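Just below is one structure, and these are the notes that go with it.
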Amino acid sequence: MHLYVHVPFCVRRCSYCDFSIAVRKRVPAAEYLDAIRGERTTLSGWVDPLETLYLGGGTPSLFPAELIATLLGDVVRSTSRCDDVEITLEANPEDVTANAAREWRGAGVNRVSLGAQSFDDRVLRWMHRSHDAARVGAAVATLHDAGIDNLSLDLIFGLPAELGRDWKRDLDRACALAPAHLSLYGLTVEERTPLARWISRGATRPPADERYAAEYLEAHERLAAAGYRFYEVSNAARDDRRSRHNSAYWSGRPYLGLGPAAHSFDGRTRRWNLSAWDAYRRAVSAGRSPVESQETLTAAQQELEHVYLSLRTVAGLPLAVLGRPGPSLAAWEGQGWVTLEGDRLRCTPAGWLRLDALVAALTGDCQTV
Ligand code: SF4
């Protein structure tokens, strides 16, 4: 079983973020624990053993460190665990203290995903992040000292040109910290975010596609030189220390989600919880299901998901699953977008940049890329 627990609280909203969060100066820890316990007891279809557990958010590291053990214990108490269960905590650098890191490790956390985003203090202020660049290195050292060496850093690329962000320098600073894993996300402009408002009043502009592509390809070169291998469109690892939890999503395996906005999937049907913290909490405390809605995938939707998820990863797509004549893959290979080995189609970095178009062409939704 792969279990996701959503902790929705953040101290403020980052300029680009449209996630389902509740902005709070102080986390309502007791209410949150009660709600997760309540939802846990309503779940049927709970299956053993636990292989991965991911505390995501939001900002799970805001949750009082001494209560992380209570949270993890409550969630998994009646669940048997694999010997090497992967337990990931998403953390912001400013929350990583020696005491918190020790508590997390003691609670069983063995992997931390740090929201670094950049090593440029001006850029971090523009993003409304609460940390500065120095805190990222300090957090990495503190986590190592506490015995957590399976670390991932998040970085965002494709920022507006006027910020003057030095992407190569940020990549080099990240690699110098030698995390086991890096996740790189291109900036997207989401509705109802501070960034969307800045753009609508002309205070900034979204990055040009060429800049986005150039930075993505630059990351592939620099990370490969530093010993990292992209195993998914946005994720690279060294020594093959992939995220086992996220890999389960990409291989279409079932998972369970707890908490507001959490999604669950049984292989065919996906359901998701109410996203607003107050609505979720009220539903659970009244003994009602917090599930907001669900969808059962048709055969065509299942095929589309399989094609899309397979091409996101280095495993690629066995062409036999398509079951229809496709576009000219030799032409795509000539463009440098894909490689074909036997029956398996894999995207190159240039192909990952146009993944949506390739998937649409393969599944018959569109003839041109
Ligand atoms: S810390 Fe993460 S979840 Fe919270 S506002 Fe920032 S980007 Fe969004």
Side-chain angles (χ1 to χ4, degrees), residues 4-29 32 36 54-65 68 71 88-97 100 104 111-133 135-136 138-140 143 151-160 163 165 170 174 179 181-199 204 206-207 234-235 243 245-246 257-263 272-278 280:
Y4 175 82
V5 182
H6 188 72
V7 186
F9 310 106
C10 292
V11 286
R12 59 175 147 168
R13 186 173 285 279
C14 297
S15 59
Y16 50 84
C17 178
D18 75 337
F19 290 174
S20 170
I21 61 164
V23 175
R24 297 282 189 281
K25 288 280 175 255
R26 202 187 56 77
V27 171
Y32 178 78
I36 293 294
Y54 196 103
L55 286 174
T59 313
S61 55
L62 276 182
F63 204 75
I68 291 280
L71 174 61
T88 302
L89 175 89
E90 281 185 351
N92 279 345
E94 66 272 22
D95 298 329
V96 182
T97 63
W104 296 339
R111 184 173 185 273
V112 169
S113 173
L114 267 183
Q117 317 309 357
S118 175
F119 290 86
D120 180 325
D121 287 342
R122 219 166 35 87
V123 167
L124 289 168
R125 283 193 296 275
W126 177 88
M127 291 177 171
H128 293 173
R129 303 293 301 192
S130 302
H131 65 277
D132 59 17
R135 287 291 307 182
V136 181
V140 169
L143 290 164
L151 300 181
S152 179
L153 297 186
D154 287 355
L155 293 176
I156 298 181
F157 67 94
L159 302 181
L163 282 173
R165 190 269 191 92
D170 268 6
H181 189 279
L182 284 158
S183 297
L184 309 182
Y185 300 108
L187 183 73
T188 54
V189 182
E190 307 295 345
E191 288 177 19
R192 293 187 293 278
T193 58
L195 175 59
R197 288 194 291 279
W198 297 341
I199 289 173
T204 189
S234 301
N235 289 278
S243 163
H245 185 84
N246 289 335
L258 293 175
H263 285 54
W272 53 94
N273 284 347
L274 293 159
S275 59
W277 156 241
D278 284 326
Y280 166 85

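Since we're looking at a predicted model, the values are computed, not measured. Worth knowing before you read on, the calculation uses all heavy atoms, side chains too, and leaves out hydrogens, waters and symmetry mates. Whatever order the structure lists ligands and atoms in, that order sets their numbers, starting from 1. We number each residue from 1, following the sequence as shown.
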Legend entry - Phe9: which of Phe19, Phe63, Tyr32 passes ring pair (Phe, Tyr, Trp, His ring centres under 6.0 Å): Tyr32
Inset, instruction - Sort by chain and number the protein N/O/S atoms that are closer than 2.8 Å to atom 6 (Fe) of ligand 1, and list them. - result: Cys14 SG
Inset, instruction - Could you tell me which atoms of ligand 1, counted from 1 in the order shown, lie closer than 4.0 angstrom to a heavy atom of Tyr16? - result: 7 (S)
Legend entry - Polar side-chain atom of Ser15 near backbone of Pro194 as donor-acceptor pair, under 3.5 Å: no
Inset, instruction - Scan side-chain atoms only and decide if Thr88 and Glu90 contain a donor-acceptor pair under the 3.5 Å cut-off. - result: no
Legend entry - Donor-acceptor contact below 3.5 Å, side chain Asn273 vs main chain Gly259: yes
Inset, instruction - Using modelled atom types only, decide if a donor and an acceptor are shared between the side chain of His6 and the backbone of Ser20 within a distance under 3.5 Å. - result: yes
Legend entry - Option among Leu163, Asp121, Asp120 that satisfies the side chain to side chain contact (heavy atoms under 4.5 Å, CB included) test with Trp126: Leu163
Inset, instruction - Verify the distance criterion only: is there a donor paired with an acceptor across the side chains of Arg135 and Asn92 at less than 3.5 Å? - result: no
Inset, instruction - Please report which non-hydrogen protein atom sits nearest to atom 3 (S) of ligand 1, along with the residue it belongs to and the distance in Å to one decimal place. - result: Gly58 N, 3.3 Å
